[in-house]
Each structure stands twice: as structure tokens, then as C-alpha cells.
Amino acid sequence: MKHSSSSPSTRRGQGPARHIGRTLALVLPVVLVLSGTLAVTRVNWSGDPADSVLAASDVAAAGDAKHTAPRAPQDVLRDRLLTELQEKDPGTALTHLQEAVNGRPSLARHCSSIARALGRAAVRVYGPTRAQSYARPVCDTSFASGVLAAHS
């Protein structure tokens with residue numbers, strides 16, 4: 001008995017399903033690469049929250065406050081001090097940062113990063129010269145280094 005390559009059982013495998021499979025094999029990697037590229041372009045690589053883009057999934061997550069994790073104390077403190085810096089002045093914010101660290105020593109390891117964030121924000125609000133005038137030795141002069149980093 002001879003087996004030929006054109007038997008009915010072999011021809012069935014070359015129909016529309018095989019054509020769809022080949023098409024998917026060619027198109028799917030292209031789609032995955034493009035979607036990955038688009039996802040990477042949406043990431044805020046600058047580190048500046050003012051430059052960030054809020055994706056649709058973020059909007060849904062932001063609106064659903066019941067399911068969000070509690071924020072870390074240092075994040076709450078930083079945001080409060082940044083608001084205070086804009087509403088009052090950097091000196092008041094630095095004083096309250098020092099008081100918060102003195103009252104809650106566990107915040108001491110975050111003091112430098114918060115002070116640098118205050119320094120960068122002060123430059124945006126007040127300009128480099130005026131922002132530098134508020135510098136004082138809170139958290140090892142991190143405020144001043146934040147002013148310098150934002151100015152250069």
C-alpha cells in the first residue's frame with residue numbers, strides 16, 4: 001500500500017485553520033513588539049511627577065480609593081510639606097520637617113530625600129537664588145543639594 005502526500009487526511013490540515021495559524025505566527029510577534037514599545041514610551045523615565053502621564057488604568061485605580069494601599073508616612077509627610085512650601089515658604093516646611101523627624105525618629109532615614117524634594121520644589125516656585133536663601137542644615141544640607149540639582 002502506497003502512502004501519498006495528497007491523501008485526504010493530509011489535505012485537511014492545509015485548510016483555513018493552517019492559514020490562520022501561519023498568519024498568527026507572523027502577526028502576533030509584531031503586535032507584541034509594538035505594544036511593548038508603546039508601553040515603554042508611556043513610562044515616566046524623567047522621575048519628575050509633573051511630567052507623568054496618567055493612563056486609563058491609573059484613572060480607574062485613582063477613583064477607587066477603597067482598594068488603594070495606605071500611603072507610607074514619609075510620602076504623606078513629603079506631600080504635606082510640599083504643599084506647605086507652596087502655600088507658605090520653604091523655611092516653614094524645613095522647620096516642620098525637622099520637627100517631624102525629631103518627633104518620629106523612624107522618618108530620619110527619609111529626611112534627606114524629603115529635603116531634596118523640597119529643594120527642587122523651592123527652585124520651581126521661588127527660583128534658585130531665593131530658594132537657596134532658605135537653606136539650612138536640616139538633614140545634612142539635603143535641601144541645598146536639591147536646590148543645586150534643580151538649578152544645574
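- The distance from atom CZ of Arg120 to atom CG of Leu148, rounded to the nearest 0.5 Å, is 12.0 Å.
- Residues Tyr134 and Val125 share a single hydrophobic cluster, defined by chaining ILVMFWY side chains whose heavy atoms lie under 4.5 Å apart.
- A 4.5 Å side-chain heavy-atom check between Arg80 and Leu77 finds at least one atom pair inside the cut-off.
- Separating the CZ atom in Arg109 from the CD atom in Gln74 is a distance of 7.0 Å, to the nearest 0.5 Å.
- Here the side chain of Arg78 pairs no donor or acceptor atom with the backbone of Ser113 at under 3.5 angstrom.
- In this structure, Leu94 CG and Leu81 CG are separated by 8.5 Å, a value rounded to the nearest 0.5 Å.
- Side chains of Tyr126 and Asp89 form a contact here, defined as non-hydrogen atoms less than 4.5 Å apart.
- Thr92 places no side-chain N or O within donor-acceptor distance of the main-chain N or O of Lys88, the cut-off being under 3.5 Å.
- Heavy atoms from other residues, nucleotides or ligands lying under 6.0 Å from CZ of Arg104 number 12 at most.
- Atoms CZ and CZ, from Phe143 and Arg116 in turn, are 13.0 Å apart once rounded to the nearest 0.5 Å.
- Note that CG of Leu107 and CD of Gln98 are 11.5 Å apart. Values are rounded to the nearest 0.5 Å.
- For Ala131 against Val123, the heavy-atom pair with the smallest separation is CB-N, 3.8 Å.
- Pairing each heavy atom of Leu82 with each of Ala117, the nearest pair is CD2-O, 3.8 Å.
- Distance check, rounded to the nearest 0.5 Å: CG of Leu97 to NE2 of His110 gives 12.0 Å.
- Nearest heavy atoms, Gly119 versus Val147: O-CG2, 3.6 Å.
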